[in-house]
Amino acid sequence: MGSIRILALAAAGAVSLTWAASARAEGSGSLAARELPPAAGRAFAHFDLLGLHWLGPGTLRFRTRGDDGHWSAWRIGDPSDGGPTGRWHFSEPYWTGPSNQLEWRASGGVTRLRAYYVQSRAVAVPPRRIQSAGSPPIIMRPAWSANEEIRRAAPRYAPSVRFSVVHHTAGTNNYTAAQSAAIVKGIELYHVQGNGWNDIGYNFLVDKFGQVFEGRYGGITKNVVGAHAGGFNTGSVGVAVLGNYGKKPISDAALGSLVRLLAWRLDLAHVDPLSSVTWSSGGNEQYPAGTPLTLRAISGHRDTGSTDCPGNAFYAELPAIARSVAAIGLPKLYDPVVRGKLGDLVRFSARLSSPQAWSITIRNTAGSPVASGSGTGSVVSWIWDSTGALDRSYTWSMQAGTSVRPATGTIGVAQPVTPPPPLPPVLSEFKAGPPTISPDGDGIGDALTITYRLRRSAQVTAQVLDASGLPLTTLFSEQRQSARVQSWQWAGDSVPDGRYTLLISARGGDGKVVTAQAPVLVDRTLGFLTATPPAFSPNGDGNLDTITFSFDLGSSAAVSVNVAQYGRVVANVFAGQLEPGSQQFTWNGQGPAGTVPSGQYDLVVTATDALATVKQSIRFAVSPS
């Protein structure tokens, strides 16, 4: 039945579609990360889209409650791709609609759990679309309010596209046409600020109404490397259909747009939709780097790794979808290949979907033709004897009439171009300290101070990474003007005790990104040091003969309380284990050699807990007798 449905939609070699109104995400959206107890629990938060990260081999089940009070069905967390260490599992982005509560249960060894709550609301606006020759209308990034300021790096390009990977985004299928842009926007926030990727992972997204969205930045006709199938991103184009299709197939409108989109994009790459390719994995949890894998030109995400994506119902339709894609826009030119080098025999080959008159033309750097060949049939084969070639490079074109998309390329080495002298780095003289902060409000080491120099105007982004190197929160991302020195502070009061990295990135007008980072330990174990009175005279006259040292402990710790002068300990007041709470010690001014002389001294308190060893000090005075 599915094959009949798909083939009927493509019967005339084109698809007639009614396009729903698009939407633009209102504002920039927001993302909040929260650590959760890994075993089970409930958490209250406001979100429209949910992402989950977890550590360990276990299984995660969860459900969400909408603002209308209804709970969703229980879902199994389906990892989309592993984190950079291969230990973290990243869930698909689950669109929930306006929601206020998350409940979860874990089994089999989930050791850490983190939730990413994304808010992304939308209002309907007239869309801006483009239509490339043969493509469905595509809603471009400005129309769905892509946040170009949070992109981490310039796009990367593959030499060619050899296959496509089809996904579903998971979450609810109960969304409106006006919410589709907000879903895409929410996925962008989760992929960039949650997963730490350069940009949204998919190259294209399709909603159930047939709307097609441009995904990753870099050009819809270019071979942009996405982040949609770990180990198989280079050389592929990733297309995601919004929704969950484990039990139900995608809508007719989504199906028609997907078929047209794949037919156009694979034709750009001269890929036969019914072909297969053997591809080496770049490395993921299921297929280590270098593992060869045979993939269909239209594969499902589960073909490249350990995931259920794109859902059983959708995955079952992929063979029929490939047949429909192959039937659109004929005739086509497949697999153009050039072998050989200048000064020798250069062989050209390709296939045509049906017998056609074909031709190949070689042009020099001036654009003048220097050689050509032609023939008729479904196999293209021609040899150019380039032994007399004078130029360092030539262009070639392979054509088979006006109804076939031509193939083009270059042979040889392009003439060297002297590049302009590089600009100095946009970000320099980066400093951050102290390495340990205690944001408890006592005024001692409460904040990390960051300074740097901007040599020219740049988009500056500051992020906090957790101990695994994954983004925890974005402090700001804004355009800043050049200045001699820029300085600001991070209080660290929004994160629990732990080890973090503060990451600064500056993207100049030339698109180049410079980063700087500093490790920082947040530890509230020790705080509120006081020495009362600030000056005392231990002369035995009964007036200010002692001084009281006070401080607070936030957790159990091994503590030493010392008096030092010029960095040398002159008296040990206490050394031992202390429990949390307020602590007080009285010192009578005596050291190993008797009463210390008058002068300036430092109270130095060192506390070692399960996280680290921290030290704080304040100054006091011993007055003359």
Side-chain angles (χ1 to χ4, degrees), residues 80-82 84 132 134-135 138 140-141 151-167 188 191-192 195-205 212-240 261-273 275-284 287-301 303-305 322 325 332-339 349-350 393 395-396 398 405-414 511-513:
S80 61
D81 276 303
S132 182
S135 76
I138 297 174
M140 304 301 287
R141 290 173 63 93
R151 283 192 288 113
R152 297 171 180 273
R156 294 190 301 115
Y157 298 96
S160 62
V161 164
R162 300 294 303 279
F163 59 99
S164 61
V165 180
V166 177
H167 306 251
E188 177 200 30
H191 281 181
V192 177
N195 293 356
W197 297 347
N198 288 342
D199 192 1
I200 190 170
Y202 311 116
N203 298 102
F204 298 95
L205 302 96
V212 180
F213 295 83
E214 177 190 17
R216 178 161 286 216
Y217 179 86
I220 60 173
T221 63
K222 297 181 179 180
N223 306 327
V224 180
V225 177
H228 55 92
F232 297 89
N233 291 313
T234 301
S236 69
V237 57
V239 183
L261 176 66
L262 289 174
W264 162 73
R265 189 60 189 87
L266 293 181
D267 188 30
L268 274 180
H270 299 288
V271 172
D272 182 352
S275 66
S276 296
V277 61
T278 299
W279 204 253
S280 292
S281 171
N284 63 32
Y287 299 109
T291 304
L293 189 65
T294 299
L295 296 169
R296 295 169 293 173
I298 301 177
S299 291
H301 187 192
D303 295 325
T304 67
V325 170
K332 294 179 182 178
L333 176 67
Y334 298 136
D335 302 323
V337 176
V338 180
R339 293 185 174 89
S349 63
S393 67
T395 59
W396 60 268
M398 187 181 296
R405 189 185 301 275
T408 59
T410 301
I411 308 169
V413 180
K512 293 183 178 180
V513 178

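The structure displayed is predicted, hence computed values, not measured ones.
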So Tyr202 and Val165, side-chain contact (heavy atoms from CB on, under 4.5 Å) or not? Walk me through it. CA-CA 10 Å; Tyr202 311 116; Val165 180; over 6 Å; no
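- Remark: side-chain polar atoms of Ser236 are paired, donor with acceptor, to backbone N or O of Phe232 under 3.5 angstrom.
- With hydrogens and angles ignored, the 3.5 Å screen pairs no side-chain donor or acceptor of Asp335 with any backbone N or O of Asp272.
- With rounding to the nearest 0.5 Å, the separation of CG in Asn233 from NE2 in His228 is 5.0 Å.
- Here the side chain of His167 pairs no donor or acceptor atom with the backbone of His301 at under 3.5 angstrom.
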Between Val166 and Ile298, is a side-chain contact (heavy atoms from CB on, under 4.5 Å) present by the stated rule, with each step listed? CA-CA 7 Å; Val166 177; Ile298 301 177; 4.0 Å; yes
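- For the pair Thr304 and Ala229, the tightest heavy-atom approach, listed with the atom from each and the gap, is OG1-CB, 3.6 Å.
- Asn284 places a side-chain N or O within donor-acceptor distance of the main-chain N or O of Gly230, the cut-off being under 3.5 Å.
- Between Met140 and Ile220 there is a side-chain heavy-atom pair separated by less than 4.5 Å.
- Contact check for Thr221 versus Trp264: side-chain heavy atoms found under the 4.5 Å cut-off.
- A side-chain donor-acceptor contact under 3.5 Å links Arg216 to the backbone of Ile200.
- Remark: Arg141 CZ to Glu214 CD distance equals 6.0 Å, nearest 0.5 Å.
- Residue Ala158 comes nearest to Gly235 through the heavy atom pair CB-N, 3.6 Å, listed as atom of the first residue, atom of the second, then distance.
- Atom-to-atom distance recorded for Phe163:CZ and Leu295:CG is 5.0 Å, nearest 0.5 angstrom.
- Taking both residues in full, the closest heavy atoms of Asp303 and Arg296 are given as OD2-NH2, 3.1 Å, listed atom of the first, atom of the second, then distance.
- Nearest heavy atoms, Val513 versus Ala153: CG2-CA, 4.2 Å.
- Side-chain atoms of Leu268 and Val161, non-hydrogen and from C-beta on, never get closer than 4.5 Å to each other.
- A distance of 8.0 Å separates OG of Ser281 from CG of Leu293, quoted to the nearest 0.5 Å.
- Side chain of Arg151 to main chain of Asn198: no donor-acceptor pair is present (N/O by atom type, distance under 3.5 Å, no hydrogens or angles).
- Scanning both residues, Gly282 and Ala289, for their nearest heavy atoms gives O-CB, 3.8 Å.
- Within the 4.5 Å cutoff, the side chain of Met398 has no heavy atoms near those of the His270 side chain.
- Using a distance-only test at 3.5 Å, with no hydrogens or angles considered, a donor-acceptor pair links the side chain of Ser164 to the main chain of Ala297.
- Summarising the geometry, atom OH belonging to Tyr157 is positioned 9.5 Å from atom CG belonging to Asn223; distances are rounded to the nearest 0.5 Å.
- Contact annotation: the side chain of Ile138 approaches that of Phe204 to within less than 4.5 Å [non-hydrogen atoms, C-beta and beyond].
- Taking OH of Tyr217 as the start and CG of Asn203 as the end, the distance is 14.5 Å to the nearest 0.5 Å.
- Counting all heavy atoms, side chain and backbone alike, Leu333 lies closest to Ala350 at CD1-CB, 3.7 Å.
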